[in-house]
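Order of the sequence lines sets the chain letters (A, B, ...), proteins ahead of strands, with each chain counted from 1.
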There are 2 protein chains.
Amino acid sequence: MGLFLFLGMPSLKETLCKNVEMNNEVLRDFMSYWHPLEITKGEFISEAGKVENYFYYVEKGVLRAYFIKDGQDRSVGFTYDGDYSGAYDSFLTRKPSLFYLEALTDCKLYRISKSDLELMYDKHKDVERWGRLFNQEILFKKGFHEINVLSYTAEERFERLLRESPHMIQLVPQKHLASYLGMSAETFSRLRKKTKL
Amino acid sequence: MGLFLFLGMPSLKETLCKNVEMNNEVLRDFMSYWHPLEITKGEFISEAGKVENYFYYVEKGVLRAYFIKDGQDRSVGFTYDGDYSGAYDSFLTRKPSLFYLEALTDCKLYRISKSDLELMYDKHKDVERWGRLFNQEILFKKGFHEINVLSYTAEERFERLLRESPHMIQLVPQKHLASYLGMSAETFSRLRKKTKL
DNA sequence: TATAAAAGTTGACATATATCAAGAATGGGT
DNA sequence: ACCCATTCTTGATATATGTCAACTTTTATA
């Protein structure tokens with residue numbers, strides 16, 4: 001059982017060089033700037049209005065990103081084991097963030113500061129490439145989600161979620177999944193019933 | 001008048017080093033891989049189902065990106081003078097594109113091939129950085145549009161378009177603006193009347 | 001300039017989804 | 001194990017926006 005969990009959890013090291021060939025020296029140096037951090041369910045790593053100074057890797061746990069409009073809370077994305085997270089817009093632009101980042105479970109994180117990451121970009125071409133490919137990856141995800149929200153009905157979006165991200169149903173409360181898919185919690189619940197899930 | 005047009009049209013060279021300090025040698029080399037291309041209104045530079053091999057810079061003209069769902073045509077973005085364009089997802093992944101790219105006016109373009117760009121990434125750290133920052137830039141635009149579509153009513157989206165991209169009203173037929181904002185052409189027309197534009 | 005084709009407008013009507021409200025189920029903390 | 005708070009469900013009702021269809025205006029073409 002312990003072994004299974006181990007297999008399911010890519011390490012920071014593995015994730016960093018998932019898409020890039022990275023010289024061992026460089027990787028060691030890069031790794032040394034990521035510092036561990038543990039937070040508990042309900043804590044925030046980021047709040048709207050503040051400038052974000054860190055970028056995160058989630059080794060274990062679930063994070064939710066959302067913003068508030070007219071008092072309503074709208075989820076824009078979730079992070080699970082083995083993925084990066086953070087208020088990336090604010091981290092890059094140094095402007096106040098639009099988003100909150102909340103732990104939906106206890107989390108084991110690593111993080112790197114803005115200045116350290118820039119140091120790494122300057123120092124290592126491999127890290128520069130890592131950054132390019134990382135930006136590329138989120139771009140794909142965003143593009144996918146945009147098309148999803150833009151061009152499908154609530155029912156189709158619900159079906160696609162079931163098909164493509166069934167794990168989310170387990171990990172994330174439905175009201176958040178609903179707002180992520182751009183529908184009310186009630187509509188989500190009715191679709192759920194209809195699909196007799 | 002000629003001068004005005006000149007001022008309003010950033011050159012490829014200016015655009016390439018807009019966000020990056022680029023060594024003159026490197027810039028010269030990089031520039032030499034971008035080849036000019038002219039197309040006329042109505043032509044396509046990219047079609048859904050095909051793998052895209054080029055990435056574009058629009059020196060002059062307007063391009064529209066869209067996809068087709070259930071026979072309906074949905075705009076996902078527009079490119080004007082001085083910006084990059086292309087079926088970027090397919091260009092990067094080498095999978096068949098989901099999008100069409102159509103010239104809404106006669107266009108003067110430059111383009112670079114996938115293999116040449118990768119050559120440049122390998123050869124020059126400055127270009128690698130250019131790529132990272134470029135990916136970052138589209139990421140912001142996408143993120144912005146996503147929030148726009150997700151969290152505002154048709155009326156609010158229409159108002160924001162007027163406020164933030166008034167030039168689009170001039171350059172792009174309304175039926176395309178409507179689908180870009182995720183509403184029917186009729187709804188767009190009614191909002192337009194309401195705002196007595 | 002004439003004619004056809006495309007784009008935009010407007011009204012009547014249909015409908016998916018939101019909102020409101022009340023009750024049922026679930027889950028965390030003591 | 002119990003209780004309180006949160007989340008989820010379900011029904012009734014409201015509404016924004018889509019769809020269809022006819023008409024007008026604009027743009028393209030010969």
**OP:** Could you tell me which non-hydrogen atom of A:Ala154 sits nearest to which non-hydrogen atom of A:Met183, and how far apart they are?
**Re:** O-CE, 3.3 Å

**OP:** Ignoring hydrogens and angles, state whether a donor on the side chain of B:Tyr88 or B:Asn135 is under 3.5 Å from an acceptor on the partner side chain.
**Re:** yes

Original post:
With sequence neighbours excluded, what pairs up with B:Asp89 under the side-chain hydrogen bond (donor to acceptor under 3.5 Å, both in side chains) test?
Top reply: none

Subject >> Side chains of B:Asn19 and B:Arg129, donor plus acceptor under 3.5 Å >> reply: no

**OP:** Please give the angle, rounded to 10 degrees, between the axes at the start and the end of the helix from C:dT1-D:dA30 to C:dT30-D:dA1, where five pairs define each axis.
**Re:** 60°

Original post:
Cut-off 3.5 Å, side chains only: do B:Thr15 and B:Tyr57 have a donor facing an acceptor?
Top reply: yes

Subject >> Residue pair A:Glu43 / A:Thr40, side-chain donor-acceptor N/O under 3.5 Å >> reply: yes

Original post:
Where the side chain of A:Ser97 meets the backbone of A:Phe99, is there a donor-acceptor pair that is under 3.5 Å apart?
Top reply: yes

Original post:
Side chains of B:Arg74 and B:Ser179: donor-acceptor distance under 3.5 Å anywhere?
Top reply: no

Would you mind writing out the side-chain donor-acceptor pairs for residues 30-38 of chain A within the sub-3.5 Å range, not counting sequence neighbours?
{"from": "A:Ser32", "atom 1": "OG", "to": "A:Asp29", "atom 2": "O", "distance (Å)": "2.6"}

Subject >> Bounds of contact between DNA chain D and chain A, in 5' to 3' order, using a heavy-atom cut-off under 4.0 Å >> reply: D:dT7 to D:dA12

Original post:
Any side-chain donor-acceptor pair under 3.5 Å between B:Tyr56 and B:Asp83?
Top reply: no

Original post:
Reading nucleotides 15-30 of chain C 5' to 3', which nucleotides get B (base under 4.0 Å from a protein heavy atom), which S (sugar-phosphate only), which -?
Top reply: --SSBBB---------

**OP:** Hey, can you tell me if A:Trp130 and A:Tyr84 have their rings parallel, tilted or perpendicular (30° and 60° cut-offs)?
**Re:** perpendicular

**OP:** Output the residues of residues 171-179 of chain A in contact with DNA chain D, where contact means a heavy atom of the residue under 4.0 Å from an atom of the strand; sort by number or write none.
**Re:** A:Pro173, A:Gln174, A:Lys175

**OP:** Hey, can you tell me if B:His176 and B:Phe78 have their rings parallel, tilted or perpendicular (30° and 60° cut-offs)?
**Re:** tilted

